[in-house]
Amino acid sequence: WMEIPQNCQDALVRGIQQIGSANVDLKPSHSFAHGARINSAANTITVFLCKELSHTVLKDCETSKRAVFYSTLFSHEAYQVKGNVTKIEPLSEEDRYASQEYCEKFIQATTEMGEPPENTRKIFGRAADTAITIELEQIFDQTPGPNAGKPIS
């Protein structure tokens, strides 16, 4: 069972999120995520995706049953999660709402930094509809500095 420090949990659910997997030939795939939810009791993270933008990642997660999730805050604090995919399913109503809220905050933050909102909306303006649940195997600190690449638990 993994004890996840609160600052890491916050970064995982609030950061710029990406998910990756690989096919049987180890060719990697990648997609932006539209939010995430941690279930500490179940030792899982559920990642919200827009199927339309994530076909390859979803297919690779179904076949390889492995996924990597990254989240970076604007401060450069970053974490990487590795684990087994335990479930791929339609997004619940609660997760759909959380995803929409995440995307709206992301668009607002990038707009405040000078990015035209229409650019960010090309990806984050689309509704998430699929959830990938990953059993937490290991979390790595990816923040640049002396702890980069080290497991946090």
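Computed from a prediction, not measured in an experiment: that's the story for all the values here.
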Exactly one candidate in Ile45, Asp10, Asn43 meets side chain to side chain contact (heavy atoms under 4.5 Å, CB included) with Ile38; the answer is Ile45
Test of understanding: clusters of I, L, V, M, F, W, Y form through side-chain heavy atoms closer than 4.5 Å, transitively. Do Leu58 and Leu91 belong to the same one? no
Using a 4.5 Å cut-off on heavy atoms from C-beta on, say whether the side chain of Asp141 contacts that of Tyr79. yes
How long is the gap from CD on Glu118 to CD1 on Ile107, to the nearest 0.5 Å? 11.0 Å
Are side-chain heavy atoms of Phe106 and Gln17 found at a separation under 4.5 Å? no
Would Glu77 and Arg14 pass as an ion pair if we require N to O under 4.0 Å? no
Tell me whether Phe140 is reachable from Leu136 by hopping between hydrophobic residues (I, L, V, M, F, W, Y) whose side-chain heavy atoms are closer than 4.5 Å. no
hydrophobic_cluster_shared for Ile16 and Leu12, side chain cutoff 4.5 Å: no
Checking the side chain of Thr44 only, and the main-chain atoms of Glu135 only, is there a donor and an acceptor separated by less than 3.5 Å? no
Taking atom CZ as the centre, does Phe74 end up with more than 12 heavy-atom neighbours from other residues, nucleotides or ligands that are less than 6.0 angstrom away? yes
Has the side chain of Ser64 got a donor or acceptor atom that lies under 3.5 Å from a matching backbone atom of Asn23? no
Below 30° counts as parallel, above 60° as perpendicular, anything between as tilted: where do the rings of Phe124 and Phe32 land? perpendicular
To check you understand the geometry: which heavy-atom pair defines the closest contact between Val13 and Ala36, and what is its length? CG1-O, 3.5 Å
Drop me the distance from Lys51's NZ to Ser31's OG, to the nearest 0.5 angstrom. 13.0 Å
Hydrophobic cluster membership, Leu73 vs Val81, 4.5 Å side-chain cutoff: no
Could you report the tightest heavy-atom contact between Ile132 and Cys61, atom names first, then the distance? CD1-SG, 4.0 Å
Shortest non-hydrogen separation from Ser29 to Thr56 and the atoms involved: CB-CG2, 3.6 Å
Assess whether side chain to side chain contact (heavy atoms under 4.5 Å, CB included) is satisfied between Thr120 and Thr111, documenting all intermediate values. CA-CA 8 Å; Thr120 311; Thr111 301; 5.5 Å; no
Restricting to non-hydrogen atoms, name the atom on Ile152 and the atom on Pro5 that form the minimum distance, rounded to 0.1 Å. CD1-CD, 3.6 Å
Working to the nearest 0.5 Å, report the span between CD of Glu3 and SG of Cys8. 11.0 Å
Residue pair Glu93, Arg96: steps toward the salt bridge (Lys or Arg N to Asp or Glu O under 4.0 Å) verdict: CA-CA 5 Å; Glu93 226 19 71; Arg96 192 180 316 271; 3.6 Å; yes
I'd like to check the salt bridge (Lys or Arg N to Asp or Glu O under 4.0 Å) partners of Arg37; sequence neighbours left out, ordered by chain and number. Asp95
Side chains of Glu104 and Gln108: do they bring a donor and an acceptor to under 3.5 Å? no
Does CD in Glu94 sit with more than 12 non-hydrogen atoms of other residues, nucleotides or ligands closer than 6.0 Å? no
Provide the closest heavy-atom pair for Tyr102 versus Gly15 in the form atom of the first, atom of the second, distance. OH-O, 2.6 Å
Given 3.5 Å as the limit, does a donor-acceptor pair link the side chain of Asn84 with the main chain of Thr86, or not? no
What's the separation between atom CD in Glu137 and atom NZ in Lys82, rounded to the nearest 0.5 Å? 8.5 Å
Side chain proximity check, Ser54 to Thr130, heavy atoms < 4.5 angstrom: no
For residues Ile88 and Ile19: do they belong to one hydrophobic cluster (side chain heavy atoms under 4.5 Å, members Ile, Leu, Val, Met, Phe, Trp, Tyr)? yes
Can you tell me how far the CD atom of Glu89 sits from the OG1 atom of Thr133, to the nearest 0.5 Å? 5.5 Å
Whether Gln9 side chain and Ile4 backbone form a donor-acceptor pair below 3.5 Å: yes
Could you tell me whether the side chain of His34 reaches within less than 4.5 Å of the side chain of Ile123, counting heavy atoms only? yes
Judged by atom type as modelled, is there a donor-acceptor pair below 3.5 Å linking the side chain of Gln18 to the main-chain atoms of Tyr70? no
Rounded at 0.5 Å granularity, tell me how far CD in Glu62 sits from NZ in Lys65. 7.0 Å
